[in-house]
Student: 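After the structure tokens below, expect a handful of questions from me.
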Number of protein chains: 2
Amino acid sequence: MGKEEKKNITIADVAEALGVSKTTVSRAISGKGRIGQETRDRVLKYIEEHDYKPNVIAKGLAQSKTYNLCVVMPGDYDVVDLTFFQECLFGIQEIAGIMEYDILLSICKNNDISSLERIISNRKVDGVILMRTFVEDRQIEYLQEKKVPFVTIGSSNYTGVIQIDHNHKSACKELTSIILMKGMKRIALIGGDENHVVTQSRLRGFREAYEKMGEVIDPTMLFLNLDNHVVIDKIVEEVLERKAECILCMDDAVCSRVLKKLREKHVKVPKDIRVASFYNSSVLENNVPSITSLSFDAKELGMVACKTVLDVIEGAEVETRTLLPYEVVLKESTK
Amino acid sequence: MGKEEKKNITIADVAEALGVSKTTVSRAISGKGRIGQETRDRVLKYIEEHDYKPNVIAKGLAQSKTYNLCVVMPGDYDVVDLTFFQECLFGIQEIAGIMEYDILLSICKNNDISSLERIISNRKVDGVILMRTFVEDRQIEYLQEKKVPFVTIGSSNYTGVIQIDHNHKSACKELTSIILMKGMKRIALIGGDENHVVTQSRLRGFREAYEKMGEVIDPTMLFLNLDNHVVIDKIVEEVLERKAECILCMDDAVCSRVLKKLREKHVKVPKDIRVASFYNSSVLENNVPSITSLSFDAKELGMVACKTVLDVIEGAEVETRTLLPYEVVLKESTK
DNA sequence: CTGAAAGCGCTTACAG
DNA sequence: CTGAAAGCGCTTACAG
């Protein structure tokens with residue numbers, strides 16, 4: 001409509017149009033440095049009217065900043081609880097957006113950090129959020145070595161790591177205690193990769209509950225490091241033979257598979273055996289019966305993590321460890 | 001260990017160390033412009049040994065490029081099939097990584113494009129991949145107006161849009177035909193937001209199957225635009241009363257809810273009623289009985305979409321519409 | 001084949 | 001309070 005293809009308007013254009021220097025325009029926009037109120041208003045008015053948008057890349061180059069955050073998501077297919085990471089991502093993105101930051105995604109499959117390395121050495125981000133931690137964690141080692149600001153979602157044993165987590169230990173302790181108090185002593189604990197820090201925390205909570213109740217764990221009822229579905233199926237068989245009263249699942253993916261196996265064998269929950277999961281996600285949402293589990297606010301976790309890494313980037317002091325609250329949600333499966 | 005905190009080494013440092021100009025170093029690295037073989041080798045050797053990494057941001061500023069792609073993910077919680085988008089994202093990331101591009105994530109809730117707008121007006125990306133299309137699509141309109149290179153995953157009716165999609169129409173037509181051929185005429189079609197292009201395609205396939213088989217659709221058996229679980233539950237009741245022989249679900253989230261309701265009412269699949277879904281994802285993976293559905297390769301879709309948008313960015317000619325193949329997977333639920 | 005210089009669009013000491 | 005100039009780390013006509 002007569003509109004000509006406009007080149008992007010720059011700070012120089014604004015300066016020229018207003019008969020001031022680029023310095024002045026820059027100051028009016030950033031709010032840094034002394035500048036006359038009237039001058040500032042003129043500049044602000046002009047850029048508003050002409051829809052001027054500063055080039056963030058150029059700004060970044062001058063300031064050695066990118067206004068990007070890297071979020072590292074786990075890329076292992078089956079194990080992952082997608083909903084959790086999704087929700088978390090929403091939280092991160094919400095805060096990041098407010099602070100004018102964007103999210104660069106890195107996908108990490110079993111501790112392979114090549115994608116993260118590329119992003120860091122290309123200087124594409126100002127900080128990193130790790131969505132999952134390993135007991136032995138190459139991402140953490142790499143980031144510490146490179147002195148890149150980062151936080152982890154989930155706990156870590158590495159010293160000096162800023163961590164945002166739910167209180168998994170305490171949550172699992174509580175859920176386990178409740179089950180013990182209901183009189184079920186023969187609990188089978190299934191799932192969980194011991195290389196993940198969260199598994200360690202859950203396990204500790206599980207153990208503490210037994211101690212607190214003066215009960216003793218039957219070590220043959222612990223089934224960790226299950227790497228595939230077939231193994232889970234076999235374990236369910238075994239657990240049934242051993243007359244377990246309750247199956248406690250480390251996460252919902254495992255729980256979902258356990259429930260499938262139980263259905264196939266026509267074992268009724270909760271009549272024949274009780275089931276609970278250390279995690280709640282939409283995977284089990286539509287299950288009949290409804291499944292007792294721990295409830296965590298993943299979005300909140302993401303928001304806090306994002307806020308924290310931004311603080312770190314700006315050099316603020318932050319807590320080394322932030323623990324968010326949880327809920328125990330009792331449902332039909334443990335009635 | 002005596003190692004001093006090194007500032008990042010730049011192209012100027014390399015040039016000085018080698019006694020050549022920055023121009024020469026730049027050319028050796030980029031491979032553009034004439035340069036002596038011996039000189040190039042010297043430069044390459046030096047940067048290799050000293051672990052020099054070009055600053056992508058600076059390079060981008062000089063070339064008006066970012067080496068970033070924006071991927072727009074749907075942010076509506078319930079409706080979304082996460083696994084699909086996740087897989088797709090993996091595919092995108094895999095190709096992007098190979099081409100030295102990174103992924104900037106934008107989350108779009110019900111056609112709200114503010115996040116995308118920010119990323120575009122901040123010039124943070126060279127191109128965009130839209131993971132879901134709307135019949136009336138503000139993202140598409142915005143990107144076309146701004147002349148930003150982009151492709152859509154899923155089809156679109158806007159002219160000139162580069163689309164990568166599975167052949168949903170044809171897939172749904174085939175699955176519907178099979179069911180009709182099995183002798184089930186009373187099919188209830190459930191779910192699907194008519195604002196999504198994919199719903200339109202599926203519906204068209206459904207209709208064509210009826211036409212092909214010389215059957216007539218009972219319009220009162222179509223239940224679209226279900227926005228919440230309660231509605232689905234009610235519809236299942238209605239469908240049962242109306243003696244439907246098969247429930248066809250537009251996607252797995254809907255199907256999962258339908259199955260839940262059926263279980264609660266102790267209606268057996270496939271004995272009392274058959275069920276199939278126009279989509280396959282891990283949501284239904286552990287269901288007993290296994291569910292007949294259409295199978296699509298989401299990762300492949302992501303890979304092709306990424307490759308295509310990269311081609312568009314580089315000004316290459318690309319197909320306006322690429323349709324990927326599918327599979328019909330018959331399982332127990334329609335036996 | 002190689003280099004000096006201008007430019008990408010900002011920021012920020014420094015000087016006035 | 002304001003501006004000229006240098007700088008962020010690259011690329012790329014242009015000239016030789």
Side-chain angles (χ1 to χ4, degrees), chain A residues 6-44 46-47 50-68 100 120-126 314, chain B residues 6-44 46-47 50-68 100-101 120-126 313-314:
Chain A
K6 288 184 214 162
K7 272 201 60 66
N8 272 321
I9 158 174
T10 74
I11 208 169
D13 301 326
V14 177
E16 190 182 357
L18 258 34
V20 297
S21 72
K22 294 190 298 173
T23 309
T24 301
V25 176
S26 174
R27 282 204 272 255
I29 295 167
S30 69
K32 293 183 212 157
R34 304 187 63 74
I35 183 174
Q37 184 61 48
E38 190 224 357
T39 318
R40 154 175 303 142
D41 291 344
R42 272 178 64 216
V43 174
L44 260 25
Y46 183 91
I47 69 177
H50 293 72
D51 198 32
Y52 164 74
K53 291 272 187 178
N55 182 323
V56 181
I57 305 296
K59 181 181 173 190
L61 183 60
Q63 298 181 138
S64 296
K65 291 201 60 176
T66 63
Y67 297 97
N68 286 151
E100 296 279 303
I120 297 301
S121 62
N122 279 346
R123 305 176 189 80
K124 284 219 181 169
V125 298
D126 300 333
E314 292 182 351
Chain B
K6 288 185 215 163
K7 274 200 61 64
N8 272 321
I9 157 173
T10 74
I11 207 170
D13 300 327
V14 177
E16 191 183 354
L18 258 34
V20 298
S21 72
K22 293 191 296 172
T23 309
T24 301
V25 176
S26 174
R27 281 203 272 255
I29 296 168
S30 69
K32 293 183 209 155
R34 305 188 62 75
I35 183 174
Q37 184 61 47
E38 190 226 358
T39 318
R40 154 174 303 141
D41 291 345
R42 270 179 65 217
V43 173
L44 261 23
Y46 184 91
I47 69 177
H50 293 73
D51 198 33
Y52 164 74
K53 290 273 188 177
N55 183 323
V56 180
I57 305 297
K59 180 181 175 191
L61 183 62
Q63 300 182 136
S64 296
K65 291 202 61 175
T66 63
Y67 297 96
N68 287 150
E100 296 280 303
Y101 268 76
I120 298 300
S121 61
N122 279 345
R123 306 173 187 80
K124 284 218 180 171
V125 298
D126 300 333
I313 289 171
E314 292 183 351

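Within every chain, numbering begins at 1; the chains are lettered A, B, ... in the order of the sequence lines, protein sequences first and strands thereafter.
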Student: Evaluate whether atom CD of Q63(A) has more than 12 neighbouring non-hydrogen atoms of other residues, nucleotides or ligands under 6.0 angstrom away.
Tutor: yes
Student: State whether the distance check finds a donor on one side and an acceptor on the other, under 3.5 Å, for side chain S30(A) versus base dT11(C).
Tutor: no
Student: Nearest to the side chain of S26(A), which nucleotide is it out of dT12(C), dT2(D), dT11(D)?
Tutor: dT12(C)
Student: Among dC10(D), dA4(D), dC1(D), which is the nearest nucleotide to the side chain of S21(A)?
Tutor: dA4(D)
Student: Find which nucleotide of DNA chain C each of I11(A) and G36(B) is nearest to by heavy atoms, and output the residue with the more 5' nucleotide.
Tutor: G36(B)
Student: Nearest-Å distance, CG (N55(A)) to C1' (dC8(C))?
Tutor: 8 Å
Student: Main chain of T10(A), side chain of D13(A): is a donor-acceptor contact present, judged purely on distance under 3.5 Å?
Tutor: yes
Student: Of the candidate nucleotides dT2(D), dT11(D), dA4(D), which contains the atom at the shortest distance from the side chain of T23(A)?
Tutor: dA4(D)
Student: Can you tell me the distance, in whole Å, between the CG atom of L61(B) and the P atom of dC8(C)?
Tutor: 9 Å
Student: What nucleotide among dG3(C), dG3(D), dC10(D) has an atom nearest to a side-chain atom of R27(A)?
Tutor: dG3(D)
Student: Of all the nucleotides listed (dG9(D), dG3(D), dT11(C)), which has the minimum atom distance to the side chain of T24(A)?
Tutor: dG3(D)
Student: Look at the side chain of K32(A) and decide which nucleotide, out of dT12(C), dG9(C), dT11(D), has an atom nearest to it.
Tutor: dT12(C)
Student: Going by atom types only, do T23(B) and S26(B) share a side-chain donor-acceptor pair under 3.5 Å?
Tutor: no
Student: Hey, does V56(A) have a side-chain heavy atom less than 4.5 Å from the side chain of K124(B)?
Tutor: yes
Student: Closest to the A62(B) side chain: dG7(C), dG3(D), dC10(C)?
Tutor: dG7(C)
Student: Among dG9(C), dC1(C), dC10(D), which nucleotide sits nearest the side chain of T10(A)?
Tutor: dG9(C)
Student: Select one nucleotide: of dC8(D), dT11(D), dT12(C), the one nearest the side-chain heavy atoms of K22(B).
Tutor: dT11(D)
Student: Let me know the distance between CG of D13(B) and P of dC8(D), rounded to the nearest Å.
Tutor: 10 Å
Student: Starting from P on dG9(C), measure out to CD1 on I47(A) and report it in whole angstrom.
Tutor: 17 Å
Student: Could you go through the side-chain contact (heavy atoms from CB on, under 4.5 Å) check for V20(A) and Y46(A) one step at a time?
Tutor: CA-CA 12 Å; V20(A) 297; Y46(A) 183 91; over 6 Å; no
Student: Any heavy-atom pair between the side chains of L18(A) and V43(A) that's under 4.5 Å?
Tutor: yes
Student: Treating a pair as Watson-Crick (purine N1 to pyrimidine N3 plus N6-O4 or O6-N4) or G-U wobble (N1-O2 and O6-N3) with both distances under 3.5 Å, list the stems of 3 or more consecutive pairs that involve DNA chain D.
Tutor: C:1-3 with D:14-16, C:5-12 with D:5-12, C:14-16 with D:1-3
Student: Does dC10(C) have its OP1 or OP2 closer than 4.0 Å to a side-chain nitrogen or oxygen of Y52(A)?
Tutor: yes
Student: Round to a whole Å and report the spacing from CG of N122(A) to C1' of dC10(D).
Tutor: 13 Å
Student: Is R123(A) side chain donor-acceptor paired with the dG9(D) base, going by distance under 3.5 Å alone?
Tutor: no
Student: For residues I29(B) and Y52(B), determine if any side-chain heavy atom of one lies less than 4.5 Å from a side-chain heavy atom of the other.
Tutor: yes
Student: May I have the distance from R34(A) (atom CZ) to dG16(C) (atom C1'), rounded to whole angstrom?
Tutor: 14 Å
Student: I35(A) CD1 to dC1(D) P: how many Å, rounded?
Tutor: 9 Å
Student: NA contact type, V56(A), heavy-atom cut-off 4.0 Å: base, sugar-phosphate, or nothing?
Tutor: nothing
Student: When rounded to the nearest 0.5 angstrom, what distance separates NZ in K65(B) from CD in E314(B)?
Tutor: 6.0 Å
Student: For the pair made of CD1 in I29(B) and P in dT12(D), what is the distance, rounded to whole Å?
Tutor: 13 Å
